[in-house]
Amino acid sequence: MKRFASILAAVALILISHIAFGQRPNVYILATGGTIAGTGASSTGTAYSAGQVAIQTLIDAVPQIQEIAQVRGEQVVNIGSQDMSDEVWLRLAERINELVQDPDIDGIVVTHGTDTMEETALFLDLTVNTPKPIVLTGAMRPSTALSADGPLNLFNAVVVAASPYSRDRGVLVAMNAQVHAASQVVKMHTTSVESFVSPNTGPAGTILNGNVTYYSAQARTPLHFDITGLQTLPKVGIIYSHAGISSDIATAMLSSGYQGIIHAGVGNGNIHKNIFPVLKKARAQGILVVRSSRVPTGPTTLENEVDDEAYQFVASQWLNPQKSRVLLMLALTRTHDWQQIQEYFNSISQYTPAGK
Ligand code: ASP
């Protein structure tokens with residue numbers, strides 16, 4: 001109740017100050033590259049290079065955003081997000097944690113490639129501690145394409161970041177006129193502009209005519225990891241299961257410095273008989289094992305067909321393999337206790353609307 005009252009007071013204060021003084025909110029853009037900053041030789045083909053255009057050019061291409069907010073920005077990196085790294089994640093999170101301390105900044109937009117956007121969104125959700133809106137956006141078509149989607153996505157992301165109704169919702173993704181929670185959103189189509197969905201819950205809201213509307217209340221995740229001063233993250237890899245899988249690749253991971261393995265299993269996180277002994281050996285070596293699933297929707301539940309307690313495996317609940325990797329890396333900066341790590345996976349799943 002107290003928390004609700006203080007959120008209401010903060011929203012009222014922001015609204016009153018903006019109405020009374022005619023101020024537009026201040027939105028800061030951090031650019032990291034991706035197709036939104038991409039260029040191609042043809043406006044109708046699919047061939048292009050990501051991460052070519054600098055931040056000011058992106059802002060200048062959408063003068064309408066200046067009606068919504070006072071916008072400035074800086075370039076963090078200019079890469080295709082297939083090249084995203086722990087180092088860039090740590091740098092980005094540190095910079096955002098710095099920027100949100102500035103009382104003159106009301107919200108932040110991160111422009112990003114779409115390939116790993118869902119991973120970066122979750123990483124920031126777990127490492128940036130602020131009620132201020134942090135919104136990721138990008139584009140499925142390069143800036144030189146006919147009907148490029150980047151300009152409207154950037155406009156909409158600024159709308160979301162500038163809105164007091166976006167406060168205290170954790171990190172959001174604004175793509176194709178929809179808003180998604182970091183824990184839920186996935187890239188579901190390789191080429192369509194309608195690529196980003198929250199398959200278990202549906203989107204958190206929609207953006208229309210320069211306004212964002214949320215469908216329901218949504219709290220920030222209770223989990224927060226302090227990454228101050230960290231230069232590297234624990235090494236965690238993913239094994240993708242399939243019919244007839246052999247143990248070679250998984251076995252190689254046991255002697256390659258991995259502290260954690262995510263098993264992208266079949267069905268409800270099931271494990272092939274060839275892989276089971278390798279994962280047992282991993283646990284005996286102190287490597288954390290998380291069972292997730294290659295199935296795109298639904299949870300990987302504890303103690304279903306696998307006796308997790310007996311093997312000391314962690315079930316990923318509602319997180320897909322790539323997001324499980326993000327949480328496990330951060331968890332391992334704090335503990336190697338599998339039961340504690342299971343608690344992290346349970347609690348991130350409970351705060352989401354689909355949590356059980
Ligand atoms: N490969 C690009 C990237 O993730 C794709 C995109 O942005 O849509 O940077």
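In this chain, numbering begins with 1 at the start of the sequence shown. All figures in this text were calculated on a predicted structure; none of them were measured in a lab. Both ligands and their constituent atoms are indexed starting at 1 by order of listing.
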Below 4.0 angstrom from a heavy atom of [X], which ligand 1 atoms are there? Numbered from 1 as shown, please.
X: Gly80; value: 9 (O)
X: Gln82; value: 1 (N), 2 (C), 3 (C), 4 (O), 9 (O)
X: Thr35; value: 2 (C), 5 (C), 6 (C), 7 (O), 8 (O)
X: Gly34; value: 7 (O), 9 (O)

Could you state whether Ile348 and Met329 fall into the same hydrophobic cluster, counting links through intermediate Ile, Leu, Val, Met, Phe, Trp or Tyr residues with side-chain heavy atoms under 4.5 angstrom apart?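 Yes, same cluster.
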
Please determine whether ring-ring contact (aromatic ring centres under 6.0 Å, His included) holds for the pair Phe225 and Phe123, giving the CA-CA distance in whole Å, both sets of side-chain angles, and the decisive distance to 0.1 Å. CA-CA 10 Å; Phe225 296 91; Phe123 184 81; 9.5 Å; no

SB check Arg220 Asp168 (cutoff 4.0 Å):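 Salt bridge flag = yes for Asp168 with Arg220.
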
Are Glu94 and Arg91 close enough for a salt bridge, meaning some N to O gap below 4.0 Å?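 Here Glu94 does not pair with Arg91 in a salt bridge, since their nearest N and O are not under 4.0 Å apart.
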
Tyr214 six-ring centre to Arg169 NZ/CZ under 6.0 Å and within 45° of normal: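 Yes, cation above the ring, under 6.0 Å and within 45°.
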
Tell me the protein heavy atom at minimum distance from atom 4 (O) of ligand 1, and give that distance in Å.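 Heavy-atom neighbour on the protein nearest atom 4 (O) of ligand 1: Ser81 OG, 2.6 Å.
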
Suppose we measure from atom 8 (O) of ligand 1 to each protein heavy atom; which comes out shortest, and what is that distance?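 Nearest neighbour among protein heavy atoms for atom 8 (O) of ligand 1, to 0.1 Å: Thr114 OG1, 2.5 Å.
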
Return yes when Ala139 approaches ligand 1 closer than 4.0 angstrom through a heavy atom, no otherwise.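 A heavy atom of Ala139 does come that close to ligand 1.
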
Quick check: does His112 get an N/O under 3.5 Å from an N/O on ligand 1?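 It does not: no N or O of His112 is found under 3.5 Å from an N or O of ligand 1.
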
Which atom names give the shortest non-hydrogen contact between Ser81 and Thr116, and what distance separates them?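 Heavy atoms only, the tightest pair is O-OG1, 2.8 Å.
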
